[in-house]
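Have a look at the structure below before the remarks.
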Amino acid sequence: MSCDFISLAAPGVQDLHPYQPGKPPEELERELGLKNVVKLASNENPLGPSPKAITAIKEYLNKISFYPDSGGYRLKEALSDKFGFSPDQITLGNGSNDVLDLVARAYLRPGDEVVFSEYAFVVYSIVTQACGAKAVVTPSREWGHDLEAMLAAITSRTRIVFIANPNNPTGTWVAQEQLTAFLAQVPSGTLVVLDEAYIEYTRKGELPDGLDFLEKYPNLIVTRTFSKAYGLAGLRVGYSVSDIQVANVLSRVRQPFNVNSLALIAAENALGDDEHIAKTIQTNNAGRLFLENDLHGLGLSTIPSVGNFITVDFKRDAIPVYQAMLEQGVIVRPVANYGMPHHLRISIGTRSENERCLSVLQKVINNFE
């Protein structure tokens, strides 16, 4: 006897579409028999992780038969020392995505509302729908967050507002004065999640630092990750800083041992490697400028970005361009699932990776003309 197991799933899950990650290089190599594939699809650090993190991992390998420290004491202490917050304000996650999910599961009930912007990170929609809450999507302004529209969308049913700064996949950002005015007007019972996954790539003072607002606004949760600038995407470790009461609530739904031992030790050591972060930022800034200039030279327009990626407008269906680049061994990211069918997002790589991407793109464009 067969059974419709989809119909047995929770209402919010039945119509949910899974998150679509960037295509792995190994998969493309298997499919097309290619070698030396370049992946510029998932905003990873092309320099890799900190050498200090790698050394620490190697030294810890003989201890992986033991469970990790579920509380993440050493990493929390390192974060506390760096940013000046109590370890009790820090929640660790299996990537910052995990923390976003924790917030949703802890605070959303069916019928609640969640406000986020058009073209914002797709995980906000996923965690909202999975919890049976209602997504209230506000129109963007020049591909970025319109905080005035988001403020107007808040009602008595709004439990969470998600803001990505910088935003993925557009690379746009919210300025200091805009965020200051917004936070001052959000009801105290509405949580604001400020997703700062790419904050390390920005210059000091270029964007507001969410951590600076925490003391004044206990309804603010700031999430960050070690997957991007710190180069630890494969280990999955992120965190949030919040009011102690909020962190206490999140700990009640957090799975035990949600961050593995190697991730904990790698993140702790990566956090202290200022030299590697400086080199990462320098590489990214130079690569972003190089790509922007050459993309414009190809007659393509881009969305201004302060992240480690650039989103390109092809003024036509971008999927054929994406597919043609795949055939040449270069993986970029289509963003049609964000409502941007004419765009592709290109992560910033090393100089040689950027040059290869541009060379392939030039050939593809010429073939379409």
Side-chain angles (χ1 to χ4, degrees), residues 18-31 35-70 72 74-75 78-79 91-102 121-123 126 168-169 195-201 223-240 254-255 257-273 276-277 279-281 283-284 287 307-309 329-333 345-350 353:
Y19 178 79
Q20 299 174 8
K23 193 178 189 71
E26 299 83 2
E27 181 179 327
L28 184 61
E29 290 171 354
R30 288 195 304 269
E31 290 177 351
K35 295 182 179 180
N36 301 318
V37 168
V38 170
K39 182 187 179 190
L40 299 176
S42 299
N43 305 338
E44 295 144 337
N45 187 337
L47 302 183
S50 157
K52 293 182 179 180
I54 294 175
T55 298
I57 289 171
K58 290 178 178 178
E59 293 175 351
Y60 201 87
L61 282 174
N62 64 343
K63 299 180 182 179
I64 61 172
S65 59
F66 299 103
Y67 283 106
D69 172 10
S70 187
R74 288 176 60 91
L75 178 54
L79 289 165
T91 303
L92 301 180
N94 184 31
S96 58
N97 276 18
D98 187 30
V99 181
L100 299 175
D101 182 66
L102 291 178
F121 188 33
V122 71
V123 166
I126 291 174
N168 173 31
D195 182 356
E196 294 185 332
Y198 299 92
I199 194 71
E200 289 86 4
Y201 287 105
T223 63
R224 293 186 176 181
T225 184
F226 286 91
S227 294
K228 306 305 180 185
Y230 289 101
L232 298 177
L235 287 178
R236 311 302 300 128
V237 55
Y239 63 96
S240 67
R254 182 183 65 87
Q255 293 294 316
F257 315 117
N258 66 330
V259 182
N260 70 73
S261 299
L262 298 183
L264 289 171
I265 197 72
E268 177 192 344
N269 284 270
L271 190 66
D273 194 344
H276 186 69
I277 285 292
K279 187 176 181 181
T280 291
I281 295 170
T283 300
N284 186 71
N308 66 333
F309 56 89
V330 175
I331 308 173
V332 294
R333 188 68 172 268
R345 192 190 69 194
I346 302 176
S347 302
I348 297 164
T350 62
E353 289 172 335

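Here, residue 1 is the first one in the sequence, and each next residue gets the next number.
The CZ atom of R74 sits 10.0 Å away from the CG atom of D69 when rounded to the nearest 0.5 Å. The structure places CG of L271 at 8.5 Å from CD1 of I277, a figure rounded to the nearest 0.5 Å. Between K52 atom NZ and E268 atom CD the span is 11.5 Å, to the nearest 0.5 Å. Atom CD of E196 and atom NZ of K228 lie 15.0 Å apart (nearest 0.5 Å). For the atom pair N97 CG and T225 OG1, the distance stands at 8.0 Å (nearest 0.5 Å). With rounding to the nearest 0.5 Å, the separation of CD in E26 from CD in E31 is 11.5 Å.
Checked by atom type and distance alone, the side chain of E59 never pairs as donor or acceptor with a backbone atom of A56 at under 3.5 Å. In terms of modelled atom types and a separation under 3.5 Å, the side chain of N258 and the main chain of L92 share a donor-acceptor contact. No donor-acceptor distance shorter than 3.5 angstrom exists from the side chain of S42 to the backbone of E44, with no hydrogens or angles considered. Put simply, the side chain of N269 gets close to the backbone of I265: a donor and an acceptor are under 3.5 Å apart. Judged purely by atom type and a 3.5 angstrom limit, H276 has no side-chain atom pairing as donor or acceptor with the backbone of G231. Side-chain atoms of D273 never come within 3.5 Å of backbone atoms of S50 as a donor-acceptor pair (strictly under, hydrogens ignored). Side-chain atoms of N284 do not come within 3.5 Å of backbone N or O of Y201 as any donor-acceptor pair. Checked by atom type and distance alone, the side chain of S240 never pairs as donor or acceptor with a backbone atom of T223 at under 3.5 Å. The backbone N or O of V99 sits nowhere less than 3.5 Å from a side-chain atom of S96 that would complete a donor-acceptor pair.
Taking every heavy atom of both residues into account, S261 and F66 meet most closely at OG-O, 4.0 Å. Of all the heavy atoms in G349 and T283, the pair that sits closest is O-CG2, 4.3 Å. Minimum heavy-atom separation, L40 to E353: CD1-O, 4.0 Å. Residues E200 and I281 share a closest heavy-atom pair of O-CD1, 3.1 Å. Contact detail for L264 and G72: the closest heavy-atom pair is CD2-CA, 4.1 Å.
Between I346 and F309, the closest side-chain pair of non-hydrogen atoms is not below 4.5 Å. No side-chain heavy atom of V38 sits under 4.5 Å from any side-chain heavy atom of I331. Contact annotation: the side chain of N260 never approaches that of I64 to less than 4.5 Å [non-hydrogen atoms, C-beta and beyond].
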Worked verdict on V237 versus N94 for side-chain contact (heavy atoms from CB on, under 4.5 Å)
CA-CA 5 Å; V237 55; N94 184 31; over 6 Å; no

Report the C-alpha separation of L79 and Y239 in whole Å, then their side-chain angles, then the decisive distance to 0.1 Å, and conclude whether the side-chain contact (heavy atoms from CB on, under 4.5 Å) test is met.
CA-CA 9 Å; L79 289 165; Y239 63 96; 3.7 Å; yes

Chi angles and distances behind the side-chain contact (heavy atoms from CB on, under 4.5 Å) call for L47, K279
CA-CA 9 Å; L47 302 183; K279 187 176 181 181; 3.9 Å; yes

L61 vs L262, side-chain contact (heavy atoms from CB on, under 4.5 Å): CA-CA, chis, key distance, verdict:
CA-CA 8 Å; L61 282 174; L262 298 183; 4.1 Å; yes

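Checking L235, V259, L232 one by one against F226, the side-chain contact (heavy atoms from CB on, under 4.5 Å) holds for a single residue, L232.
For N62, the CG atom sits in a packed shell: over 12 heavy atoms of surrounding residues, nucleotides or ligands are nearer than 6.0 Å.
A donor-acceptor contact closer than 3.5 angstrom links the side chains of Y198 and N43. Defined by atom type and a distance below 3.5 Å, a donor-acceptor pair is missing between the side-chain atoms of T91 and R254. For N168 and R345, the side-chain atoms include at least one donor-acceptor pair closer than 3.5 Å.
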